[in-house]
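The structure appears below as structure tokens.
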Amino acid sequence: PINPSMLYDEITSLCEVSNNQSLFDPSLIDLSLKKILVVEDNDINLEVATYLLKDTHAKISIAKNGLEAVDKVSNEPFDLILMDIQMPLMDGYEATRIIRKQLKVTTPIVAMTANVMSQDIEKCMQAGMNFHVGKPFEVEDFYGTLLEALHVSLSSTKTNDSPIKV
């Protein structure tokens, strides 16, 4: 015989959200030879972005606004730039335009913004950004965009379960 408690337990176990495992382990990607500039004025978003990057072993540099980003990009090369859009002093659009037009730097730039409507993404592309990732960050989207921007294939990272340097 089934009592109400057993029935309840069985129904709730069927409704449980499955363990949402990441499709891949970022620690298997060795980006230790890559330099990434994270341009973000919000401390929480900055902490999340750097936390997501730490397992990849990329060398991370930080700028708190567009002016700092332009200064850093003019003084050292980067393999990737993660660019917030709304920042004090100089926003991500203006910083990107300067990086592209005045500095003539072609480093891939990923827009990081809560603005995810198609016209917002198009505005990022028109400013010279190459990719877009929404905030709050969805882990799979963040890593997928990172891999695409750096031209790293996910399938090549799983070989022999050992990190691959890219």
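We use all heavy atoms of the structure for the numbers below, so side chains are in, but hydrogens, waters and symmetry mates are not. Computed from a predicted model, the values in this text were never measured in an experiment.
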Please check if the side chain of [X] supplies one atom and the backbone of [Y] the other of a donor-acceptor pair under 3.5 Å.
X: N75; Y: D71; value: yes
X: N130; Y: I109; value: yes
X: R100; Y: A127; value: no
X: T107; Y: F78; value: yes
X: Y93; Y: Q126; value: no
X: N65; Y: M87; value: no

So [Y] and [X], do their side chains get closer than 4.5 Å, heavy atoms only?
X: K135; Y: N45; value: yes
X: M83; Y: I99; value: yes
X: L53; Y: I36; value: yes
X: I98; Y: M90; value: yes
X: L37; Y: V39; value: yes
X: E40; Y: D84; value: yes

>> K123: which residues meet the side-chain hydrogen bond (donor to acceptor under 3.5 Å, both in side chains) condition with it, sequence neighbours left out?
In response: none
> Which residues pass the side-chain hydrogen bond (donor to acceptor under 3.5 Å, both in side chains) test with S61, sequence neighbours left out?
Replying inline: K72
> What closest approach, in Å, do D141 and G134 show between heavy atoms, and which atom pair accounts for it?
Replying inline: OD2-N, 4.0 Å
> Are V38 and V73 grouped together when hydrophobic residues (ILVMFWY) are joined by side-chain heavy atoms under 4.5 angstrom apart?
Replying inline: no
> Out of curiosity, does L89 fall in the hydrophobic cluster containing L82 (side-chain heavy atoms, cut-off under 4.5 Å, transitive links)?
Replying inline: no
>> Restricting to salt bridge (Lys or Arg N to Asp or Glu O under 4.0 Å), what partner residues turn up for E138, sequence neighbours left out?
In response: none
>> Measuring from atom CG of L31 to atom CG of L147, what distance do you get when rounded to the nearest 0.5 angstrom?
In response: 7.5 Å
> To the nearest 0.5 Å, what is the distance between NZ (K34) and CG (L146)?
Replying inline: 10.0 Å
> Looking at residues at least two apart in the chain, or sitting in another chain, which of them share a side chain to side chain contact (heavy atoms under 4.5 Å, CB included) with I121?
Replying inline: M125, H132
>> Going by the rule side chain to side chain contact (heavy atoms under 4.5 Å, CB included), which residues pair with E148 if we only count those two or more places apart in sequence or in a different chain?
In response: F131
> Pick from L80, L150, D79, I81: which one makes a side chain to side chain contact (heavy atoms under 4.5 Å, CB included) with P108?
Replying inline: L80
> What residue among L103, V105, T96 forms side chain to side chain contact (heavy atoms under 4.5 Å, CB included) with V70?
Replying inline: L103
> When you look at M117 and E122, which way does the side chain to side chain contact (heavy atoms under 4.5 Å, CB included) test go after all the steps?
Replying inline: CA-CA 9 Å; M117 301 295 288; E122 182 59 31; over 6 Å; no
> What residues, two or more places apart in sequence or in another chain, satisfy ring-ring contact (aromatic ring centres under 6.0 Å, His included) together with F137?
Replying inline: F142
>> Using a strict threshold of under 4.0 Å (side-chain N to carboxylate O), is an ion pair present between K64 and D43?
In response: yes
